[in-house]
K.L.:
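One structure coming up, written as structure tokens, with questions to follow.
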Amino acid sequence: MATSISELHQAHAHILKSGLIHSTFAASRLIASVSTNSHAQAIPYAHSIFSRIPNPNSYMWNTIIRAYANSPTPEAALTIFHQMLLASALPDKYTFTFALKSCGSFSGVEEGRQIHGHVLKTGLGDDLFIQNTLIHLYASCGCIEDARHLLDRMLERDVVSWNALLSAYAEKGLMELACQLFDEMTERNVESWNFMISGYVGVGLLEEARRVFAETPVKNVVSWNAMITGYAHAGRFSEVLVLFEDMQHAGVKPDNCTLVSVLSACAHVGALSQGEWVHAYIDKNGISIDGFVATALVDMYSKCGSIEKALEVFNSCLRKDISTWNSIISGLSTHGSGQHALQIFSEMLVEGFIPNEVTFVCVLSACSRAGLLDEGREMFNLMVHVHGIQPTIEHYGCMVDLLGRVGLLEEAEELVQKMPQKEASVVWESLLGACRNHGNVELAERVAQKLLELSPQESSSFVQLSNMYASIGRWKDVMEVRQKMRAQGVRKDPGCSMIEVDGTVYEFLAGEGLVSGKDFT
DNA sequence: TTAGGGTTAG
């Protein structure tokens, strides 16, 4: 449903004014339509309406429990479920289904077992929907015997019963079990095939996934998406674009999920005209630009060099989410507009969006690239002390970069020492680069020593150190480092890059010239 | 009602 939250506010106001809030039907409809709205505030809003209704009926209880079961905080569904029992309202088969679904979502087997007991006492133990949900709950929590036992003892099974188990296997990457079950299944539908595809994709067996995909008798958009996102996650972007073409030839209409993956692939290979084609497709087919699509479009335009178009998409989008903001901040940052990135960040706070870890990676990286020292420190403090976000390696990395860039090398070194050292090598490396830029040989040697302890097989620290010696003419040290590298069997992989020219994507290996060119027009 | 495919980060 595309209804905006403000339209729902209006509907609510109308219902209050006209006294309709006392009508069970109107109130139910309102709660139901609010709780299926995708806006982040929709569920708390539906909940607040719900809590003002004196004697909610089961339908209302169920609606609110379902809303929480499908939300990012599924535990809340159980709180409501318990309130329902305390209020002496009678749970029905729907209530149990939603409550059990929520247990599955947060891996609450113990809670699930209690509800299962309750189901049996209520005499609903043979309900198909409840049993299917129980199978999925047990299987996804790793209680495979319980799940299998339920499935085997069901009086009437349907394809969802099999899929409930199959999907849990696939989700957990238990592909041998999934295969056995798939062969054993007495009925399959397109979803069964899709679970097999996404299961193989999830464990990185793309060729297996491709084989199942080829055998899938009737493919739907999810089948294609599973395969396309598989290639996208594996970084095989040119194959994403080829598959997208095949999909259109097969007459399957892409949806938001498809387009997001395809745009992401365009962004990675710099395929601007392909990306523009997707954008035009979205407009022409009236596909709604939700937060995901907007994020992917903004990212595609900024990675393909068109920050103006990225800003245009961003500004005209009405359904931004936190990722959309992150993506424009990151885009502005890579385009060297650090101040603009920070300005957008403040606007984001004013509009009431809560920044996450990624936001601060983008923001800190913008400060670092632009050399905004005071702002960077301020943002780091804001993140830790106001937003309570524990800094990760990426955040430390940006700060070390920033401090290193402006020449505060000792302060940067102190910061790296505060990090969990297991993860610190990338950051030490960045500090090593800063030492090189500022010609601080003494610190560089200390850092390189640290790096060789942490990851002796990593070529980049050797390379950086040798480059550094080379830049100040210490050729004997250069030779020594190179010899040590050879002695330890460390080799440097060549870099690779891709570029689109007139609709053809070319791939280059460093030092090797053109490897391949593919035509996408 | 139950099983499912998506973006942003040196």
Side-chain angles (χ1 to χ4, degrees), chain A residues 59 62-63 65-66 69-70 92-101 104 127-137 139-140 158-171 189-199 201-202 220-230 232-233 254-265 267-268 290-300 302-303 310 314 320-331 333-334 356-366 368-369 392-395 397-398 400-401 426-427 429-430 433:
Chain A
Y59 184 89
N62 294 346
T63 305
I65 291 172
R66 177 179 55 178
N70 294 326
D92 58 17
K93 57 182 182 176
Y94 297 95
T95 323
F96 286 118
T97 306
F98 304 145
L100 288 167
K101 181 179 179 169
D127 181 84
L128 183 62
F129 285 88
I130 292 181
Q131 286 183 307
N132 288 348
T133 313
L134 275 166
I135 290 174
H136 185 70
L137 162 69
S140 63
D158 67 1
V159 67
V160 180
S161 321
W162 292 102
N163 284 350
L165 189 54
L166 184 69
S167 66
Y169 287 158
E171 208 179 311
N189 60 8
V190 61
E191 277 79 15
S192 323
W193 290 89
N194 292 348
F195 289 131
M196 292 302 289
I197 299 170
S198 55
V201 162
N220 64 11
V221 62
V222 177
S223 328
W224 286 92
N225 289 350
M227 207 60 238
I228 285 177
T229 58
H233 284 165
D255 65 3
N256 290 24
C257 294
T258 325
L259 299 172
V260 164
S261 288
V262 171
L263 284 168
S264 158
H268 279 100
D290 60 12
F292 271 98
V293 174
T295 305
L297 275 172
V298 166
D299 183 54
M300 183 277 292
S302 51
K303 290 227 170 77
F314 178 79
K320 302 179 181 78
D321 62 20
I322 184 66
S323 303
T324 319
W325 289 92
N326 293 348
S327 140
I328 193 69
I329 291 172
S330 156
S333 152
T334 22
N356 61 20
E357 309 80 54
V358 178
T359 318
F360 281 103
V361 176
C362 301
V363 166
L364 292 173
S365 149
S368 159
R369 285 174 213 259
T392 66
I393 169 180
E394 283 84 3
H395 302 115
C398 293
V400 169
D401 248 20
V426 193
V427 185
E429 234 169 79
S430 126

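Proteins get letters first, then strands, A, B, ... in listed order; numbering begins at 1 in each.
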K.L.:
Return the value, rounded to whole Å, for the distance between atom CE of A/Met300 and atom C1' of B/dG6.
P.N.:
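Checked: the CE to C1' distance equals 16 Å.
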K.L.:
Identify, with sequence neighbours excluded, every residue that meets ring pair (Phe, Tyr, Trp, His ring centres under 6.0 Å) alongside A/Trp162.
P.N.:
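With neighbours one apart ignored, the set is empty.
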K.L.:
State whether A/Ser198 places a side-chain N or O below 4.0 Å from either non-bridging phosphate oxygen (OP1 or OP2) of B/dG4.
P.N.:
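Checking B/dG4 against A/Ser198, no side-chain N or O comes under 4.0 Å of OP1 or OP2.
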K.L.:
Output the rounded distance in Å from CG (A/Leu263) to P (B/dG6).
P.N.:
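Atom CG in A/Leu263 sits about 15 Å away from atom P in B/dG6.
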K.L.:
Counting only side-chain nitrogens and oxygens, does A/Ser330 get under 4.0 Å of the OP1 or OP2 atom of B/dA9?
P.N.:
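Affirmative; the distance criterion is met.
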K.L.:
Tell me whether the OP1 or OP2 atom of B/dT7 has a side-chain N or O from A/His233 closer than 4.0 Å.
P.N.:
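So the side-chain polar atoms of A/His233 do come within 4.0 Å of the phosphate oxygens OP1 or OP2 of B/dT7, strictly under.
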K.L.:
Determine: side-chain N/O of A/Lys303 to OP1/OP2 of B/dA9, distance under 4.0 Å, yes or no.
P.N.:
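It does, given that an N or O in the side chain of A/Lys303 lies less than 4.0 Å from OP1 or OP2 of B/dA9.
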K.L.:
Mind checking A/Asn256 for me? I need base, sugar-phosphate or nothing, with any heavy atom below 4.0 Å counting as a touch.
P.N.:
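Base, at least one base atom sits under 4.0 Å.
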K.L.:
Could you state the atom-to-atom distance from NE2 of A/His268 to C1' of B/dG10 in whole Å?
P.N.:
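Going from A/His268 (NE2) to B/dG10 (C1'), I get 12 Å.
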K.L.:
For A/Thr359 and B/dA9, is the shortest distance between a side-chain N/O and OP1 or OP2 below 4.0 Å?
P.N.:
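Checking B/dA9 against A/Thr359, no side-chain N or O comes under 4.0 Å of OP1 or OP2.
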K.L.:
Does A/Asp127 have any side chain to side chain donor-acceptor pair (under 3.5 Å) partners at least two apart in sequence or in another chain, and if so, which?
P.N.:
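In terms of side chain to side chain donor-acceptor pair (under 3.5 Å), with neighbours along the sequence ignored, A/Asp127 is linked to no residue.
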K.L.:
To the nearest angstrom, how far is A/Ile135 atom CD1 from B/dA3 atom C1'?
P.N.:
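About 10 Å, once rounded to whole Å.
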K.L.:
Does a nitrogen or oxygen in the side chain of A/Ser327 sit under 4.0 Å from OP1 or OP2 of B/dT7?
P.N.:
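Answer is no, no contact under 4.0 Å.
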K.L.:
Are any of A/Lys93's side-chain N or O atoms less than 4.0 Å away from OP1 or OP2 of B/dT2?
P.N.:
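For B/dT2, neither OP1 nor OP2 has a side-chain N or O of A/Lys93 closer than 4.0 Å.
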K.L.:
Choosing from B/dA3, B/dT8, B/dT1, which nucleotide comes nearest the side chain of A/Phe129?
P.N.:
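Minimum distance to the A/Phe129 side chain belongs to B/dT1.
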K.L.:
May I ask whether A/Phe292 stacks on the base of B/dT7, given the cut-offs of 5.5 Å between ring centres and 30° between planes?
P.N.:
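Not stacked by the 5.5 Å and 30° rule.
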K.L.:
Using atom OH of A/Tyr94 as one end and atom P of B/dT1 as the other, report the distance to the nearest whole Å.
P.N.:
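Going from A/Tyr94 (OH) to B/dT1 (P), I get 7 Å.
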K.L.:
Tell me the interatomic distance from A/Leu165, atom CG, to B/dG4, atom P, rounded to whole angstroms.
P.N.:
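Rounded to whole Å, this separation is 12 Å.
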K.L.:
Return the value, rounded to whole Å, for the distance between atom CG of A/Leu134 and atom C1' of B/dA3.
P.N.:
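A/Leu134 atom CG is separated from B/dA3 atom C1' by 14 Å.
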K.L.:
Rounding to an integer number of Å, can you tell me how far A/Phe98 CZ sits from B/dT2 P?
P.N.:
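In whole Å, B/dT2 P and A/Phe98 CZ are 6 Å from each other.
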K.L.:
Under a 4.5 Å cut-off applied to non-hydrogen side-chain atoms, are A/Glu357 and A/His395 in contact?
P.N.:
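Yes, their side chains come closer than 4.5 Å.
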